[in-house]
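Below is one structure, written out as structure tokens; the observations come after it.
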There are 2 protein chains.
Amino acid sequence: MASIKEIAKAAQVSCSTVSRALNHKKGVSTEVRDKIIKIAEDLSYFPHSGARSLVQNRAGVIGVIIPRTSEFAFQSPFYNHVLLGLSEMAGRHDYNLMLIINDSRSYTSFYYRHQVDGVIVVGNRINDERTIELAEKNVPAVIVPGFPEGEYQNLATVNSENFKSTHRAVSYLIGLGHRKIAFVLGSMSSKYSFERLEAYQKAFREHDLDYDPAYVAESDFTKTDAYRLMGELLDLDQPPTAVICINDTLTPGVLQQIFSRGLKIPQQISVVAIGCSDLLDLVLPPLTTVRVPAEAIGQTMARVLIQLIETGHCNKRHTVIPTDFIIRESTGPAIGQGG
Amino acid sequence: MASIKEIAKAAQVSCSTVSRALNHKKGVSTEVRDKIIKIAEDLSYFPHSGARSLVQNRAGVIGVIIPRTSEFAFQSPFYNHVLLGLSEMAGRHDYNLMLIINDSRSYTSFYYRHQVDGVIVVGNRINDERTIELAEKNVPAVIVPGFPEGEYQNLATVNSENFKSTHRAVSYLIGLGHRKIAFVLGSMSSKYSFERLEAYQKAFREHDLDYDPAYVAESDFTKTDAYRLMGELLDLDQPPTAVICINDTLTPGVLQQIFSRGLKIPQQISVVAIGCSDLLDLVLPPLTTVRVPAEAIGQTMARVLIQLIETGHCNKRHTVIPTDFIIRESTGPAIGQGG
DNA sequence: TGCAACAACGCAAACGTTTGAGCGATTCGC
DNA sequence: GCGAATCGCTCAAACGTTTGCGTTGTTGCA
């Protein structure tokens, strides 16, 4: 409500001086500055962000795009944790978040329409032409996941260490004597499904073992489907002695199938979860987990984007965040296996 | 990038005409209008929202404040679903969402600093002075939950039907013969814990029964605490034959305690969940649930706020959204009870 | 023919802020 | 003690829109 003019009048100085005083720029004496600041507080003055963005070409807002249905975005712990990291880091640098969910329009149009300073895309699809447009129009942007073909000045990526972590988990299970290791994947159009499957295969090869494709199930990422698929896997003549769940959404479905059959974990089947959900922390026994650092992903994305916005370049265009492999009580030696 | 000026030059008209043409106001011939619109598209023009908000005093942005830690906000399905409803309804009316989580500053300052058109507070604490400030400064705002003392022109509330739904659930359990009905509450400083407990008590009174406070447990809203409390409840000399979980965060803890003891649901204990989490839908057996319509709450909040913003008043200052009581398979007749 | 009404458009002010240029007054260096 | 640098401040332009008012040209009506 109160504008810089009223403060200027009250303090008997010009607008310029008020602006400089409030922004702590030099060129204003301490007495005048203190006086102005006091008046501004008394009048409960807040700068008009629109006017400011007009002249400064900076809005102090980061656009966050989640190209998923709202349902999906808010149900998956991954997005929640990324948002958490984003909001934390953005807040620390005095940026706010503008949220766009399930908008079919171009990312670039969003950037222009809302005068955000940069754009973050969470859950980028492989080969989404909108990401390329973003890069070609030189919009400061950070995406997860994905490595675009070209090298663009203003486009950065953040990924989690999919291959390595999955590889470690599978190797661990093999080391425990497991050979029939079920792997409940999501859709293979998803980048990380693909990477993690490769890791799975490589771990088998490294131990001079063949892996049986029958134990790899491709789901549509829903709990229901995971429940169904796990049922099919357990109905095999040689049911798996271990199972890996590729993400948070699937894990409950797999677990419920196991629980419903009264199978003991880890005595009868070992379980490894990949994901970031805390909701599963209370599952008994505590699950051996590949923890995807979604919060750190969000933080990093925000940090890189802000650097991109403010300096026009970034130190690392492609960041890979390491995952943790946490061995807890849901995994144990395979039974009835040759070791 | 492209401004209205460039379009004006290209179309050989004045800025005014361009503005009028693009905003579909009258005073411009159809030929000129079409020409301008075409040029605007070719130049991929987007109006500068800052400049627009400067002169129109409207930003097209709704501020969403969640006065919780980021962890809490993003873990609880309630907030997620409210956000879902908000984003859906806001999008439909061409508003965007600006998200503020865990900001200790005044709500009013947020309103002014970011030139949002109105403010939504999700998870208002009883007697939070910041809400009152919002109302007193006449900022268009909608809050959940809560009924402030005074009647303020620009402050509206949305609540879910806490009392009625809980009452119905408890009555149902009593009808099934249950007498020792555990109730795992959250903190009593929370409005809905309080309301729901009252409903619980009233249901007992109405059936001419005394309720035993020993079965009411006040938690700190965490899974861990719920797990612990449910353990204590089951260790009672006369363990409960039914349990009601007051919200999504608690339910997994309670369930895990039950599962870990190998108790059969509903043969040995009936379970009623209050909440909106879909994650629990896959729990076996499917839970009898008081479904809190968080998504509808979000939608309603957005709708009311937009009305408040655009017309300066709203039809209903206090909206109460009904809850559903969904009877599924986790509840059954009490065993070893006199009926 | 004369005049009112109206449509289509341009002009310029206004929104609130930042910032380079400019201008006295004081201080500094030598 | 004189020019140069510095300080503290003001002026005014600029950012991109919208919009009331004015102007021109056309049409309608008597």
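Chain identifiers are assigned alphabetically (A, B, ...) following the order of the sequence lines, protein sequences preceding nucleic acid strands; residue numbering begins at 1 within each chain.
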Using whole Å, report how far [atom1] of [X] lies from [atom2] of [N].
X	N	atom1	atom2	answer
F46(B)	dT17(D)	CZ	P	12 Å
N57(B)	dT19(D)	CG	C1'	14 Å
K25(B)	dA8(C)	NZ	C1'	16 Å
I4(A)	dA14(D)	CD1	P	19 Å
Q56(A)	dA13(D)	CD	P	21 Å
H24(B)	dT19(D)	NE2	C1'	18 Å
K26(A)	dG20(C)	NZ	P	13 Å
K5(B)	dC11(C)	NZ	P	13 Å

Result for 5'-nearest mapping on DNA chain C, choosing between S14(B) and L54(A), is S14(B)
Here's a test of your reading of the structure: between A51(B) and T17(B), which maps to the more 5' nucleotide of DNA chain C? T17(B)
Measuring to OP1 and OP2 of [N], would you say a side-chain N or O of [X] lies under 4.0 angstrom away?
X	N	result
N23(B)	dT18(D)	yes
S19(B)	dT17(D)	no
Y45(B)	dT17(D)	yes
R52(B)	dG16(D)	no

Could you go over nucleotides 20-28 of chain D and give all protein N or O partners under 3.5 Å, atom names and distances?
| residue | atom | partner | partner atom | Å |
| --- | --- | --- | --- | --- |
| dG20(D) | O6 | R20(B) | NH2 | 3.3 |

Counting C-beta onward and ignoring hydrogens, is there a side-chain heavy-atom pair between L99(B) and L83(B) closer than 4.5 Å? yes
Over all atoms of both residues, closest heavy-atom pair of [X] and [Y]:
X	Y	result
A2(A)	Y45(A)	O-CD1, 3.1 Å
A156(A)	C314(A)	CB-SG, 4.3 Å
A90(A)	L97(A)	CB-CD1, 3.5 Å
G312(A)	Q153(A)	O-NE2, 3.0 Å

Is it true that atom CD of E129(A) has more than 12 heavy atoms of other residues, nucleotides or ligands lying nearer than 6.0 Å? yes
Between the side chains of S14(A) and T17(A), does any donor sit under 3.5 Å from an acceptor? yes
Sub-4.0 Å heavy-atom contacts from residues 28-38 of chain A onto DNA chain D, ordered by number: V28(A), S29(A), V32(A)
May I ask you to decide if V320(B)'s main-chain N or O and N159(B)'s side chain share a donor-acceptor pair within less than 3.5 Å? no
Within residues 304-316 of chain B or reaching into it, pairs that qualify as side-chain hydrogen bond (donor to acceptor under 3.5 Å, both in side chains) - sequence neighbours excluded: Y95(B)-E310(B), Q307(B)-N315(B)
